[in-house]
Amino acid sequence: MKNGILLIAGLVVIALYVIFSMQIYELLYYESEFSQAMYEENMYLVVALINSGIALAAAAIYYYAINSVSFARWYHWLIFLGIAVIFAFALDFIYPNSVFSEYDYEFTTQLLQFSLLNIIVEALLFIIVSYSIRWWSSNCRHTPIPQ
């Protein structure tokens, strides 16, 4: 029962993050021209989907694809957190930058700051997803913190 509630809670948090991504990001980082361009090009939603997808994929790979006793330590989980953060940082910079380049917007500095902020967001998403889905892993369910 508890495991199902944690899964549903994690999915609800991810869904709320995606739905309210514009409001969340404008609270965390607001620069008028950059934020306006992000809003007009619907980049907030795209970035939220990228971050959510990476967090879900990285956690699923760790808990279900690898799922090995020899890879069930906290520092192995931390490696996957680092991988998720690096991928999110790169994609959160590269994709919006390519869209902005098409429109001749020059937001490299703002986009770099925004992408650095997304490191924290991605880490939080990965932790939420980890605690939501880890309970069904046969070997890694005690990682990063034993139950």
Side-chain angles (χ1 to χ4, degrees), residues 1-31 34-35 37-102 107-147:
M1 176 79 171
K2 175 184 97 172
N3 301 347
I5 292 171
L6 289 171
L7 175 63
I8 291 169
L11 293 174
V12 167
V13 169
I14 297 291
L16 289 173
Y17 163 68
V18 170
I19 292 168
F20 295 109
S21 59
M22 182 195 65
Q23 292 87 351
I24 291 168
Y25 281 121
E26 287 196 352
L27 279 173
L28 296 174
Y29 181 80
Y30 183 80
E31 195 277 326
F34 173 74
S35 296
M38 289 288 285
Y39 176 77
E40 288 173 358
E41 303 306 323
N42 207 20
M43 285 294 112
Y44 289 125
L45 177 62
V46 172
V47 167
L49 290 173
I50 288 170
N51 287 347
S52 300
I54 290 172
L56 287 166
I61 289 169
Y62 177 74
Y63 286 107
Y64 301 112
I66 293 180
N67 194 20
S68 169
V69 173
S70 61
F71 208 72
R73 302 289 227 173
W74 66 270
Y75 48 86
H76 298 127
W77 177 86
L78 202 59
I79 290 169
F80 271 80
L81 172 64
I83 291 168
V85 163
I86 290 168
F87 271 105
F89 173 78
L91 289 176
D92 291 342
F93 181 83
I94 292 169
Y95 182 73
N97 193 41
S98 68
V99 171
F100 290 155
S101 294
E102 291 177 17
F107 292 124
T108 306
T109 304
Q110 293 93 334
L111 196 53
L112 184 61
Q113 293 169 349
F114 180 77
S115 298
L116 287 170
L117 170 76
N118 271 320
I119 289 174
I120 298 167
V121 173
E122 180 64 28
L124 289 173
L125 286 174
F126 183 78
I127 291 167
I128 290 167
V129 170
S130 290
Y131 280 93
S132 297
I133 69 170
R134 77 183 196 160
W135 309 104
W136 294 278
S137 174
S138 57
N139 295 313
C140 296
R141 70 176 162 264
H142 301 290
T143 309
I145 299 172
Q147 44 187 359

Could you tell me whether a side-chain N or O of Arg134 sits under 3.5 Å from a main-chain N or O of Cys140, the two making a donor and an acceptor?
no
In this structure, CD1 of Ile133 is separated from CG of Asn3 (nearest 0.5 Å) by 12.5 Å
Got Ser138 and Asn67 here, is their nearest side-chain heavy-atom distance under 4.5 Å? yes
Are Phe107 and Phe114 packed together at the side-chain level, in the sense that at least one heavy-atom pair is separated by less than 4.5 angstrom? no
Residues at least two apart in sequence or cross-chain that pass side-chain contact (heavy atoms from CB on, under 4.5 Å) with Ser68, listed by chain then number, are Ile66, Ser70, Phe71
Distance col, row Ile61:CD1 vs Leu56:CG, nearest 0.5 angstrom, shows 11.0 Å
Those residues at least two apart in sequence (or on a different chain) that pass side-chain contact (heavy atoms from CB on, under 4.5 Å) with Tyr30 are Glu26, Ser32, Ser35
| request: Might you confirm whether atom CH2 of Trp74 has over 12 heavy atoms from other residues, nucleotides or ligands at distances under 6.0 Å? | output: no
Tyr95 versus Leu91: any side-chain heavy-atom pair under 4.5 Å?
no
Sorted by chain and residue number, the side-chain hydrogen bond (donor to acceptor under 3.5 Å, both in side chains) partners of Glu40 (sequence neighbours excluded) come out as Gln36
Subject >> Side chains of Met38 and Tyr25 in contact at under 4.5 Å (non-hydrogen atoms) >> reply: no
Hits for side-chain contact (heavy atoms from CB on, under 4.5 Å) against Leu124, two or more places apart or cross-chain, chain-then-number order -> Ile120
The side-chain hydrogen bond (donor to acceptor under 3.5 Å, both in side chains) partners of Tyr131 (sequence neighbours excluded) come to none
Residue set satisfying side-chain contact (heavy atoms from CB on, under 4.5 Å) with Ile24, at least two apart, ordered chain then number -> Tyr17, Phe20, Leu28
Residue set satisfying side-chain hydrogen bond (donor to acceptor under 3.5 Å, both in side chains) with Thr108, at least two apart, ordered chain then number -> Glu106
Taking every heavy atom of Leu111 against every heavy atom of Pro96, the minimum-distance pair comes out as CD1-CB, 3.8 Å
Checklist entry - Can you check whether Ile8 reaches Val12 side chain to side chain, under 4.5 Å on heavy atoms? => result yes
Inset, instruction - Answer yes or no: is there a side-chain heavy-atom contact under 4.5 Å between Thr109 and Leu112? - result: no
>> Quick one, Val99 and Met43 - any side-chain contact, counting heavy atoms below 4.5 Å?
In response: yes
Value for OH (Tyr64) from CG (Asn139), rounded to nearest 0.5 Å, stands at 12.0 Å
Residues passing the ring pair (Phe, Tyr, Trp, His ring centres under 6.0 Å) test with Tyr29, sequence neighbours excluded, are Phe34
Rounding to 0.5 Å, atoms OG (Ser115) and CG (Asp92) come to a distance of 5.5 Å
Keeping the roles fixed (side chain from Glu122, backbone from Ala55), state whether a donor-acceptor pair exists under 3.5 Å.
yes
For residues 81-90, the side-chain hydrogen bond (donor to acceptor under 3.5 Å, both in side chains) pairs (sequence neighbours left out) are none
Rounded to the nearest 0.5 Å, the CD1 atom of Ile128 sits from the CG atom of Leu11 at a distance of 11.0 Å
One should read off an interatomic distance between Leu49 CG and Ser21 OG, to the nearest 0.5 angstrom, of 7.5 Å
Side-chain atoms of residues 77-90: list all donor-acceptor pairs with protein atoms under 3.5 Å, sequence neighbours left out, distances to 0.1 Å.
from, atom 1, to, atom 2, distance (Å)
Trp77, NE1, Tyr63, OH, 3.4
Trp77, NE1, Ser130, OG, 3.0

Across all chains, not counting sequence neighbours, the side-chain hydrogen bond (donor to acceptor under 3.5 Å, both in side chains) partners of Ser98 are none
